[in-house]
*Asks:* 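My questions will all concern the structure given below.
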Amino acid sequence: MPELPEVETIRRGLTATVLGRRVERVGAVWPASLRGPIEGGLVGRHLIGIRRRGKLLVGDLSDGGHVLVHLMMTGQLVVVEDGRILFAGGHPTRSMLGPMPNRTTRVILELTGGRVLYFNDQRKFGRLWLVDDAGLAADPFLARLGPEPLEPAFTLSAFRAQLRRHARAPVKAVLLNQTVVAGIGNIYADESLHLARVHPGRKAASLSSAESRRLRAAIRTTLALAVESGGTSFAEYVNAARGRQGYLTQARAFRREGLPCVVCGTTMKRIRVAGRGTTVCPRCQRSP
DNA sequence: CACTTGACCTGTCCGC
DNA sequence: TGCGGACAGGTCAAGT
């Protein structure tokens, strides 16, 4: 579920609530959510840094080592102290604001000061695992990630090279490919393609020079705006941008099927591209 | 190698 | 109301 803007929002929320704390106890409620044992490498360590790479959260530990968290579709991270929720981010559900743990709780990290970090995950796709310092660079998932879309490394020429490399794939599939660029998921792929006026089903190699330029710019604009907005939120979503509306009110495509295109008023259509539900404006985004 | 499809899970919604 | 099927903000393995 969470894409780059949501994970970045979570990173900021965790930085504000758990950075610097020591892990006192680990509860593996659903061990399958773990890749290998974590207790030995976590207990007694301080969280000395919280970073993000694509959709992956990286917690840096004192005395070496890192804890990696991928929330996949339905993961959430909730920070609680004395029964009060200090931060909740990730897949939005009503229960994420209720008592912890709940039936979706998979891993519990008890921290100093009575603060507790809950890793919840309804569909059990998310994973939490530990690597040592050497293992961080060698981690197979991390190592294959493409450039950060908001960093300078995501150049136009690199993006065009990837469009050529995946010439026959629909351009949306290329955007979702984390080795091409890290952090785009189903929402922001649709958002970016709509802003760039490119149909998601177009073969990647068929994009004109102007279209590929527009698409790269649209990705950066969309993600930057979404980060600024605290990610895409639902009504009961709680995040670091609490009190703000979130990106949803500015959505161009996400959940807008059947509604008028924000640009031309044409009714937005739901189609299937690269095996994923996809929303397009049939007028602004011409079919392949 | 490029690309597509299905599996992994649980919950919800929709049509009959 | 009850049930089956489709689908969901992601990734990987196995298939063509």
Side-chain angles (χ1 to χ4, degrees), chain A residues 1-10 29-33 35 53-57 68-77 89-96 102-106 119-129 139-146 161-194 200-206 219 222-223 226-227 229-234 236-237 239 246-248 250-258 270-279:
Chain A
M1 170 232 136
E3 308 179 31
L4 185 153
E6 290 72 38
V7 179
E8 176 61 21
T9 299
I10 292 168
V29 181
W30 185 260
S33 295
R35 288 183 182 151
R53 181 75 172 89
K55 304 172 191 173
L56 188 72
L57 279 168
L68 307 184
V69 184
H70 200 306
L71 299 173
M72 295 293 272
M73 309 262 279
T74 58
Q76 332 174 307
L77 290 170
H91 181 61
T93 60
R94 185 158 291 285
S95 67
M96 84 193 288
N102 62 34
R103 92 178 82 167
T104 70
T105 298
R106 309 302 174 198
F119 170 65
N120 301 334
D121 184 18
Q122 177 182 106
R123 286 166 77 178
K124 300 178 178 172
F125 290 164
R127 290 292 181 269
L128 188 154
W129 68 103
D139 184 84
F141 179 77
L142 213 38
R144 296 178 55 232
L145 287 179
Q162 291 285 12
L163 292 173
R164 267 180 265 118
R165 184 148 102 87
H166 302 284
R168 291 169 43 81
V171 60
K172 176 166 176 175
V174 179
L175 298 190
L176 293 174
N177 182 341
Q178 301 298 297
T179 72
V180 169
V181 54
I184 300 175
N186 205 40
I187 291 181
Y188 297 107
D190 283 4
E191 294 291 299
S192 302
L193 286 159
H194 183 271
R202 294 267 304 278
K203 298 292 181 216
S206 78
I219 289 166
T222 300
L223 292 175
V227 167
S229 306
T232 296
S233 64
F234 292 14
E236 63 274 38
Y237 190 69
N239 57 34
Y247 178 82
L248 193 58
Q250 307 163 76
R252 313 171 62 90
F254 179 60
R255 292 201 150 186
R256 288 192 55 84
E257 59 272 21
R270 184 78 165 174
I271 60 175
R272 187 153 283 269
V273 176
R276 309 294 304 276
T278 300
T279 309

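Chain letters run A, B, ... following the sequence lines, proteins first and then strands; every chain starts at 1. As a basis for the values below, the full set of heavy atoms in this structure was taken, side chains included, without hydrogen atoms, waters or symmetry mates.
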*Asks:* Side chain of A/His166, heavy atoms from C-beta onward: which of C/dG10, B/dA2, C/dA8 has the nearest atom to it?
*Replies:* B/dA2

*Asks:* For the P atoms, the ones on B/dG6 and on C/dG5, what distance do you get once it is rounded to whole angstrom?
*Replies:* 16 Å

*Asks:* Answer yes or no: is there a side-chain heavy-atom contact under 4.5 Å between A/Tyr188 and A/Ile219?
*Replies:* no

*Asks:* How is A/Arg106 classified with respect to the nucleic acid when contacts are heavy atoms under 4.0 Å: base, sugar-phosphate, or nothing?
*Replies:* nothing

*Asks:* Output yes when at least one side-chain N/O atom of A/Arg272 is less than 4.0 Å from OP1 or OP2 of C/dA8, else no.
*Replies:* yes

*Asks:* Using side chain to side chain donor-acceptor pair (under 3.5 Å), reason through A/Thr279 and A/Arg270 one step at a time and then give a plain yes or no.
*Replies:* CA-CA 5 Å; A/Thr279 309; A/Arg270 184 78 165 174; 3.2 Å; yes

*Asks:* Using atom P in both nucleotides, what's the gap between C/dC3 and B/dC8 to the nearest angstrom?
*Replies:* 24 Å

*Asks:* Quick check for you: to the nearest 0.5 Å, what is the distance between A/Asn177 atom CG and A/Ile184 atom CD1?
*Replies:* 10.0 Å

*Asks:* Decide yes or no for A/Arg123 and A/Met72: does some side-chain heavy atom of the first lie under 4.5 Å from some side-chain heavy atom of the second?
*Replies:* no

*Asks:* When the P atoms of B/dG11 and C/dT11 are compared, how many Å lie between them, rounded to an integer?
*Replies:* 22 Å

*Asks:* Roughly, in whole Å, what's the span from CZ in A/Arg276 to P in B/dC3?
*Replies:* 18 Å

*Asks:* Quick one: A/Arg35 CZ to C/dC12 P, roughly how many Å, whole number?
*Replies:* 7 Å

*Asks:* Once you apply a heavy-atom cut-off of 4.0 Å, does A/Gly277 come out as touching a base, just sugar-phosphate, or nothing?
*Replies:* sugar-phosphate

*Asks:* Can you tell me how far P of B/dC3 sits from CD of A/Gln162, to the nearest Å?
*Replies:* 10 Å

*Asks:* Check whether any side-chain nitrogen or oxygen of A/Lys55 sits under 4.0 Å from OP1 or OP2 of C/dG10, and answer yes or no.
*Replies:* yes

*Asks:* In whole Å, what is the span from the CZ atom of A/Phe125 to the C1' atom of B/dG6?
*Replies:* 12 Å

*Asks:* Using a 4.0 Å heavy-atom cut-off across all strands, classify A/Gly275 as base, sugar-phosphate, or nothing.
*Replies:* nothing

*Asks:* Counting N and O atoms only, with roles assigned by atom type, does the side chain of A/Asp121 sit under 3.5 Å from a partner on the main chain of A/Ser33, one being a donor and the other an acceptor?
*Replies:* no

*Asks:* Requiring both pairing distances under 3.5 angstrom, list the stems that contain DNA chain B and are made of three or more consecutive Watson-Crick or G-U pairs.
*Replies:* B:2-8 with C:10-16, B:10-16 with C:2-8

*Asks:* In whole Å, what is the span from the CG atom of A/Leu71 to the C1' atom of C/dG10?
*Replies:* 11 Å

*Asks:* Check DNA chain B against residues 167-178 of chain A and give the residues with a non-hydrogen atom under 4.0 Å, in numerical order.
*Replies:* A/Ala167, A/Arg168, A/Ala169, A/Pro170

*Asks:* Indicate yes or no: at least one non-hydrogen side-chain atom of A/Leu193 is less than 4.5 angstrom from one of A/Leu175.
*Replies:* yes

*Asks:* Rounding to a whole Å, what distance do you find between A/Asn102:CG and B/dG11:P?
*Replies:* 11 Å

*Asks:* Could you check whether any side-chain heavy atom of A/Phe141 comes within less than 4.5 Å of a side-chain heavy atom of A/Leu68, counting everything from C-beta outward?
*Replies:* no

*Asks:* Does any N or O in the side chain of A/Arg272 come within less than 3.5 Å of the main-chain N or O of A/Gly275, such that one atom is a donor and the other an acceptor?
*Replies:* yes

*Asks:* Just one of A/Leu223, A/Thr9, A/Thr222 clears the side chain to side chain contact (heavy atoms under 4.5 Å, CB included) bar with A/Tyr247, so which one?
*Replies:* A/Thr222

*Asks:* Show me the pairs that pass salt bridge (charged side-chain N to carboxylate O under 4.0 Å, His left out) and involve residues 167-192 of chain A, at least two apart or across chains.
*Replies:* A/Lys172-A/Asp190

*Asks:* Find the distance A/Lys203:NZ to B/dT4:P and express it as a whole number of Å.
*Replies:* 6 Å

*Asks:* Within the structure shown, what part of the strands sits under 4.0 Å from A/Arg270 by heavy-atom distance: base, sugar-phosphate, or nothing?
*Replies:* sugar-phosphate

*Asks:* What distance, rounded to whole Å, do you find between the two C1' atoms, one in B/dC1 and one in C/dG10?
*Replies:* 23 Å

*Asks:* Report yes or no: is there a donor-acceptor pair, N or O only, under 3.5 Å between the side chain of A/Arg123 and the base of C/dA8?
*Replies:* yes

*Asks:* For A/Tyr188, report the nucleic acid contact type (base, sugar-phosphate, nothing); a contact means any heavy atom under 4.0 Å.
*Replies:* nothing

*Asks:* Given side chains that start at C-beta, do those of A/Lys203 and A/Val171 come closer than 4.5 Å, heavy atoms only?
*Replies:* no

*Asks:* Taking CZ from A/Arg144 and P from B/dA2, how many angstroms apart are they, rounded to a whole number?
*Replies:* 11 Å

*Asks:* Could you tell me whether the phosphate oxygens of C/dT11, OP1 or OP2, come under 4.0 Å of any side-chain nitrogen or oxygen in A/His70?
*Replies:* yes

